[in-house]
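All figures in this text were calculated on a predicted structure; none of them were measured in a lab. First listed ligand is number 1; within each ligand, the first listed atom is number 1.
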Amino acid sequence: MNAPLTGQPALAFDIDAIRAQFPILSEQVRGGRLAYLDNAATTQKPESVLAAIDDYYRHKNSNVHRAVHDLAERATTAYEGARDRIAQWFKVAREEIVFTRGTTEAINLVAYSFLRPRLQAGDEVLLTGMEHHSNIVPWQLVAKEKGAKIVAAPVLDDGSLDLEGWTALLNERTKFIAVVHVSNSLGTVNPVEQMIAAAKARGIPVLVDGAQSVAHIAIDFPALGADFYTCSAHKAYGPTGFGCLVAKRAILDAMPPWHGGGDMIRTVSFEESTWNEAPYRFEAGTPDMAGAVGFAAALDWIASVGLDAIAAHEHALLLEGTALLAAVPGLRMIGTAKNKGGILAFVMDGGHAQDIGTILDQYGVAVRTGHHCTMPLMARFGVPATVRASLAAYNNREDLEQLAKALHKASRLLA
Ligand code: PLP
């Protein structure tokens, strides 16, 4: 990805040493070598993350916050220590990290706890035409209930956002803005800094969906200036079912709870309950302690390699992959924006994406096919589905060559 990154020194990028840390990459699939190119859906996990989760269950597992015994203390220390690590990653205070099941839950939290009480009939929520369903449907549910409207900014033919069109949609009815940082279907990196500045000038709160940026672009949350940032651990070498909402403390403090249960309360009686402080107010019930530990370990792993180095590696692969795919007869790329992350999405003459995915699988190439939870975007490009190869730190030239070779075979079969 060619966005400016952390300023961390780029270590010598030893791709073989990196691949060796991911045991699943040596799995045989369909009797041969695996080329795992479905990283936008979920990434694989390095040994250090697997070990951290294993260590948690072997040596620390108990319930958090509520007991005085030794194991409960270990569990709480591990869980809250993970919050410290994650907060440090985003350059925020620990109280500004709310643990969730992932991006989807984090967006729903903001929709229900932050926006719902503020939204009125006639108000507008401004999105873009390239949002994931997770960044459409929660707003739609709340807007429907309140008689408010969802407005989506246009996407240009190359898959970049029509920034002028987006700006023209800002008006006095716009009560909230949500935007995907990096499109999971196109790879487009949106100009979120510019968008946030325009929103701030009008006093409009902004949520950035970071599902596809967290493992590729360094996030300095205070410098970014957004009100909310959401992400999922599993897209950043961490475990599934875990993620977080990053939000300014003053905003979280003013937000009501949205899930009721243990741990989110201060006092409970049958007449009335009072709420714990943020972020605990938003974390009802027994949390995913191993998930938190695994996410912190995943961020440690990224830091050990260097986000700059990973981004540079992925960008080089993106250029190489784009050139290899351009030579496949009948293949058309969907998403060619200048500022683009490691996504190669395409359609091919004579075959549905599903058929192409099935052929690629026969050659050990794991890609995603379908609408990628972006049905409005597929409609914009006039296709029902695309084939999507998506990159991560451990991908290498061989993966791309395996993909290209299989695509040439598919192209011959479909001709
Ligand atoms: N937003 C984007 C851009 C995504 O790519 C995804 C997942 O693919 C999500 C949101 C939802 O993430 P999760 O399913 O981890 O909650």
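- Aromatic ring orientation, Phe114 versus Phe228: perpendicular (interplanar angle above 60°, classes split at 30° and 60°).
- Applying the ring-ring contact (aromatic ring centres under 6.0 Å, His included) test to Trp139 and every residue at least two apart in sequence or in another chain returns Phe176.
- Classification of the Tyr394-Tyr36 ring pair by plane angle, with boundaries at 30° and 60°, yields tilted.
- A salt bridge links Asp300 to Arg85: at least one charged side-chain nitrogen sits closer than 4.0 Å to a carboxylate oxygen.
- Shown here are the salt bridge (Lys or Arg N to Asp or Glu O under 4.0 Å) partners of Glu172, two or more places apart in sequence or in another chain: there are none.
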One line per pair, note the atom names and distance for all nitrogen or oxygen contacts under 3.5 Å between ligand 1 and the protein.
{"residue": "ligand 1", "atom": "1 (N)", "partner": "Asp209", "partner atom": "OD1", "Å": "3.3"}
{"residue": "ligand 1", "atom": "1 (N)", "partner": "Asp209", "partner atom": "OD2", "Å": "2.6"}
{"residue": "ligand 1", "atom": "5 (O)", "partner": "Gln212", "partner atom": "NE2", "Å": "2.7"}
{"residue": "ligand 1", "atom": "8 (O)", "partner": "His132", "partner atom": "NE2", "Å": "3.4"}
{"residue": "ligand 1", "atom": "8 (O)", "partner": "Lys235", "partner atom": "NZ", "Å": "2.6"}
{"residue": "ligand 1", "atom": "15 (O)", "partner": "Ser232", "partner atom": "OG", "Å": "2.7"}
{"residue": "ligand 1", "atom": "15 (O)", "partner": "His234", "partner atom": "NE2", "Å": "2.8"}
{"residue": "ligand 1", "atom": "16 (O)", "partner": "Thr103", "partner atom": "N", "Å": "3.4"}
{"residue": "ligand 1", "atom": "16 (O)", "partner": "Thr104", "partner atom": "N", "Å": "2.9"}
{"residue": "ligand 1", "atom": "16 (O)", "partner": "Thr104", "partner atom": "OG1", "Å": "2.6"}

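- Residues meeting the salt bridge (Lys or Arg N to Asp or Glu O under 4.0 Å) test with Asp84, sequence neighbours left out: Arg94.
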